[in-house]
Amino acid sequence: MLMYDKLKFIGKRVRLYPGDTYSKYAIIENVDDLGWTFKITKSSPNNGENWKVGQSYFISHSRAVIFEFI
């Protein structure tokens, strides 16, 4: 079981994968022992069908997720 204070993360605005070619911004909806849930608030048009605005995405802790608070 991971130990962390969810309140430090839930509801915070972030930029996902800040070094990526296409920008994507999100709000952290949840974090638990399995991973992170992000709701996309802004995404580069070049992202195509990936990272749709308004869509929620789950990213497992087993994948490397990089974000910065904004």
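Counting heavy atoms from C-beta outward, Val14 and Ile70 have side chains that stay 4.5 Å or more apart. Between Thr37 and Ile59, every side-chain heavy-atom pair lies at or beyond the 4.5 Å cut-off.
Between Trp36 and Phe38, the angle of the ring planes stays under 30°, which puts this pair in the parallel group of the 30/60° scheme. Relative ring orientation between Trp51 and Tyr57 is described as tilted, the plane-to-plane angle lying within the 30° to 60° band.
Listed by chain and residue number, Asn47 satisfy the side chain to side chain donor-acceptor pair (under 3.5 Å) test with Ser43 (two or more places apart in sequence, or in another chain). The side chain to side chain donor-acceptor pair (under 3.5 Å) test applied to Gln55 returns no partner, not counting sequence neighbours.
Pairing each heavy atom of Tyr17 with each of Val65, the nearest pair is OH-CA, 3.8 Å. Scanning both residues, Phe9 and Val31, for their nearest heavy atoms gives CB-CG1, 4.2 Å. A pairwise comparison of heavy atoms in Lys6 and Asn30 identifies NZ-OD1, 3.5 Å as the closest pair. Of all non-hydrogen atoms in His61 and Asp32, the two that sit nearest each other are NE2-O, 2.7 Å.
For the atom pair Lys42 NZ and Arg15 CZ, the distance stands at 9.0 Å (nearest 0.5 Å). The distance from atom CG of Asp33 to atom OG of Ser60, rounded to the nearest 0.5 Å, is 11.0 Å. Rounded to the nearest 0.5 angstrom, Arg13 CZ and Lys39 NZ are separated by 11.0 Å.
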Would you list the atom pairs, donor with acceptor, under 3.5 Å between side chains in residues 19-27 and any protein atom, with sequence neighbours excluded?
from  : atom 1 : to    : atom 2 : distance (Å)
Asp20 : OD2    : Lys24 : NZ     : 2.7
Ser23 : OG     : Ser44 : OG     : 3.0
Lys24 : NZ     : Tyr22 : O      : 2.6

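Tracing side-chain contacts under 4.5 Å through hydrophobic residues (I, L, V, M, F, W, Y), one reaches Ile28 starting from Ile66; they form part of the same cluster.
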